[in-house]
Amino acid sequence: MQELLDRLSHTIRKHDLILSNEKVLVAVSGGPDSVFLVHALCQLSLASGLAHINYQLRGEDSEYEESLVRKLGKEFNLPVFVLRQHPQAYAAQHNVSLQVACRHIRYEWFESLMAQHGFDRCATAHHLGDQTESVLMSLVRGNSESVIHGIPVKRDKYIRPLSEISKDEILSVLDQNQWDYSIDFTNAKNDYIRNQFRNQVIPLLQSINPSLETQISRRLNWYEQQHNLIRQIVENERPYIVVSLPEGLSFVLDSWEKKYGKATLPVLLAELLSQYGFHGNEIWNGIQLIESQTGKWIETEKHKLIRTREGMMICEKTTEAEMPDELQVDHLPENPVTLGGRLISFQETGHIQSPDGFQGRHIADVDKIHFPIILRRWKMGDKMKPLGMTGNKKLSDIFIDEKFDPIARHNALVIEDRKGIIFLEGYRIAERVKISPKSRQRVEIVIGS
């Protein structure tokens with residue numbers, strides 16, 4: 001036991017998990033890992049309270065676990081906080097699985113306890129085996145970022161002091177000292193992916209390499225050192241790479257490529273994207289854009305990543321509520337209308353002798369517009385007959401010829417009437433609605449933010 005306590009103390013010091021005079025809340029399920037954690041932290045005089053959730057899912061076993069935690073509280077003279085809650089209602093209300101519901105309930109309650117009772121940290125009993133499971137699951141699923149990091153030893157207020165101690169070591173100490181703990185027999189079922197890895201995949205790999213957990217732990221430490229080096233290099237280069245624009249953030253990749261080579265661009269982009277909320281396959285998909293042509297893009301829940309001539313552009317994703325598919329207007333509106341967070345106004349203009357006096361402005365002859373008109377974002381296949389031209393032209397070709405930047409190209413609005421497109425944002429009106437000295441009513445189309 002003393003050897004494990006020394007290693008535990010070393011882990012705490014190395015990662016600054018618990019600072020002087022901090023109050024630590026210990027999350028205790030009643031299983032072997034959390035029971036060992038309570039004994040170990042109490043022997044080091046580092047535990048200040050115990051927290052247990054009884055989900056009431058396993059009948060007498062759930063009640064036994066609660067009584068076991070209360071007994072530990074009395075043994076070590078620590079306050080015990082118990083939450084009894086059925087997670088099924090939470091799962092149904094939030095449309096999540098039972099596992100996810102339990103996790104949400106657990107951490108919401110931990111946050112509440114720490115705030116109400118002044119705990120500085122919450123210690124959970126994740127150990128070396130949990131780390132191995134998470135890494136292998138992430139590798140199989142292709143989750144790029146979590147493969148490098150595994151389960152962090154410290155995340156905000158949450159600490160995992162047992163991260164460098166194995167399950168076998170924990171069980172050995174518990175049995176030697178005859179400390180009571182509970183076994184959750186549902187862990188033996190292979191209903192969940194984690195249980196399949198725990199009960200089938202990892203034992204097979206350990207039969208090939210008994211030091212599997214140690215090897216993976218060493219690799220993770222090595223990857224973490226590499227990642228810290230990458231992060232520092234990226235931070236040093238950030239002023240030359242990341243440019244803030246009104247549309248979003250631009251990643252200028254040319255300067256990095258010249259200095260470090262094209263082969264390192266995926267490493268740079270993975271680091272940048274992870275800093276801006278991209279995860280797992282989102283990062284992999286973003287990396288694929290490096291070899292894509294200008295204008296290609298991917299979408300996440302909150303962002304769009306667009307390939308530009310300079311590199312990449314991240315902009316906030318417009319929600320469906322902000323950007324409907326289209327907006328129909330049955331007559332010339334007196335007030336501006338809104339689409340995608342932009343104001344589109346139709347302003348009447350006075351009489352003119354020649355349309356040449358309105359260079360760069362989008363003025364149409366109202367009598368030539370066949371209402372209703374539809375305002376919408378452009379789509380592939382759209383074409384129009386631009387002002388001054390004799391034939392139709394695809395909008396996609398216009399974007400290339402006029403050198404539209406990827407953001408403007410992606411978000412460009414069009415206005416069409418019953419005969420086709422009469423206006424393309426950032427370009428011009430159609431030939432058939434152009435004004436002349438005989439035009440009785442003229443309207444200027446103005447798009448603002």
Side-chain angles (χ1 to χ4, degrees), residues 4 7-8 11 27 29-37 55 57-58 61 65 87 91 96-104 106-107 124-155 158-175 181-227 270 274 278-285 287:
L4 288 188
R7 284 166 53 194
L8 182 63
T11 299
S29 67
D33 312 327
S34 60
V35 168
F36 172 81
L37 180 61
Y55 296 112
L57 294 173
R58 294 181 291 109
D61 286 346
E65 288 168 353
V96 296
S97 68
L98 197 61
Q99 275 190 318
V100 172
C102 289
R103 175 179 172 80
H104 286 181
R106 182 162 62 247
Y107 282 98
T124 63
H126 294 87
H127 53 74
L128 196 57
D130 295 316
Q131 185 78 277
T132 301
E133 292 169 10
S134 294
V135 170
L136 292 176
M137 288 170 62
S138 296
L139 281 167
V140 171
R141 288 171 167 171
N143 297 336
S144 59
E145 185 182 12
S146 53
V147 167
I148 296 175
H149 298 294
I151 301 176
V153 179
K154 178 169 62 175
R155 178 179 60 83
Y158 295 92
I159 58 174
R160 299 172 177 96
L162 304 183
S163 293
E164 298 175 3
I165 295 176
S166 72
K167 180 81 167 189
D168 288 343
E169 291 174 314
I170 290 171
L171 291 174
S172 176
V173 169
L174 289 172
D175 292 341
Y181 58 87
S182 175
I183 295 293
D184 183 352
F185 292 100
T186 62
N187 288 333
K189 298 179 180 180
N190 293 321
D191 299 339
Y192 301 111
I193 293 177
R194 183 172 287 275
N195 284 4
Q196 293 171 13
F197 273 84
R198 180 179 298 162
N199 302 327
Q200 297 175 323
V201 176
I202 292 177
L204 175 61
L205 295 176
Q206 286 177 324
S207 69
I208 300 171
N209 180 5
S211 302
L212 176 71
E213 291 183 353
T214 301
Q215 291 292 340
I216 288 180
S217 178
R218 288 174 179 171
R219 273 311 162 90
L220 282 176
N221 289 333
W222 179 243
Y223 289 155
E224 186 172 356
Q225 293 174 36
Q226 291 178 326
H227 186 246
S274 67
F278 285 63
H279 301 283
N281 286 328
E282 296 172 352
I283 294 178
W284 290 124
N285 293 336
I287 289 173

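What you see is a predicted model; the values in this text were computed from it and never measured. The analysis underlying the following values was restricted to heavy atoms, covering all of them including side chains, and did not include hydrogens, waters or symmetry mates.
Across every non-hydrogen atom of P161 and L8, the tightest pair is O-CD1, 3.0 Å. Residues I287 and A270 come closest through the heavy atom pair CD1-CB, 4.2 Å. Of all non-hydrogen atoms in P32 and I170, the two that sit nearest each other are O-CG2, 3.8 Å. For the pair I283 and S274, the tightest heavy-atom approach, listed with the atom from each and the gap, is CD1-CB, 4.1 Å. Contact record, V173 with F36: CG1-CE1, 3.8 Å, taken as the closest heavy-atom pair. The nearest pair of heavy atoms linking H127 to G129 is ND1-N, 2.9 Å.
Not counting sequence neighbours, the partners of S217 by the side chain to side chain contact (heavy atoms under 4.5 Å, CB included) test are L128, N221. With sequence neighbours left out, E282 forms a salt bridge (charged side-chain N to carboxylate O under 4.0 Å, His left out) with no residue at all. The side chain to side chain contact (heavy atoms under 4.5 Å, CB included) test applied to S207 returns L204, not counting sequence neighbours. Not counting sequence neighbours, E213 has no partner by the salt bridge (charged side-chain N to carboxylate O under 4.0 Å, His left out) test. For E133, the side chain to side chain contact (heavy atoms under 4.5 Å, CB included) partners two or more places apart in sequence, or in a different chain, are D130, R194, R198, I202. Every residue two or more places apart in sequence or in another chain was checked for a side chain to side chain donor-acceptor pair (under 3.5 Å) with S163, and none qualifies. Every residue two or more places apart in sequence or in another chain that forms a salt bridge (charged side-chain N to carboxylate O under 4.0 Å, His left out) with R7 is listed here: E3, E169. Evaluation of the side chain to side chain donor-acceptor pair (under 3.5 Å) rule for T132 yields no partner, not counting sequence neighbours. With sequence neighbours excluded, the residues forming a side chain to side chain donor-acceptor pair (under 3.5 Å) with D175 are Y181, listed by chain and number. Residues passing the side chain to side chain donor-acceptor pair (under 3.5 Å) test with S172 are Q176, sequence neighbours excluded. With sequence neighbours excluded, the residues that form a ring pair (Phe, Tyr, Trp, His ring centres under 6.0 Å) with Y158 are Y107.
Taken to the nearest 0.5 Å, the CG atom of L205 stands 12.5 Å off from the CD atom of Q215.
Side chains of P87 and H104 form no contact here, defined as non-hydrogen atoms less than 4.5 Å apart. Put simply, the side chain of D33 reaches to within 4.5 Å of the side chain of K167, judged on heavy atoms. In this structure, the side chains of T11 and I165 stay at 4.5 Å or more apart for every pair of heavy atoms.
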Original post:
Is there a side-chain contact (heavy atoms from CB on, under 4.5 Å) between Y55 and L98 once you walk through the steps?
Top reply: CA-CA 11 Å; Y55 296 112; L98 197 61; over 6 Å; no
**OP:** Could you please spell out the steps behind the side-chain contact (heavy atoms from CB on, under 4.5 Å) verdict for Q131 and E164?
**Re:** CA-CA 9 Å; Q131 185 78 277; E164 298 175 3; over 6 Å; no
Subject >> side-chain contact (heavy atoms from CB on, under 4.5 Å) assessment of W284 paired with N281 >> reply: CA-CA 5 Å; W284 290 124; N281 286 328; 3.6 Å; yes
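Between the side chain of S34 and the backbone N or O of S29 there is at least one donor-acceptor pair closer than 3.5 Å.
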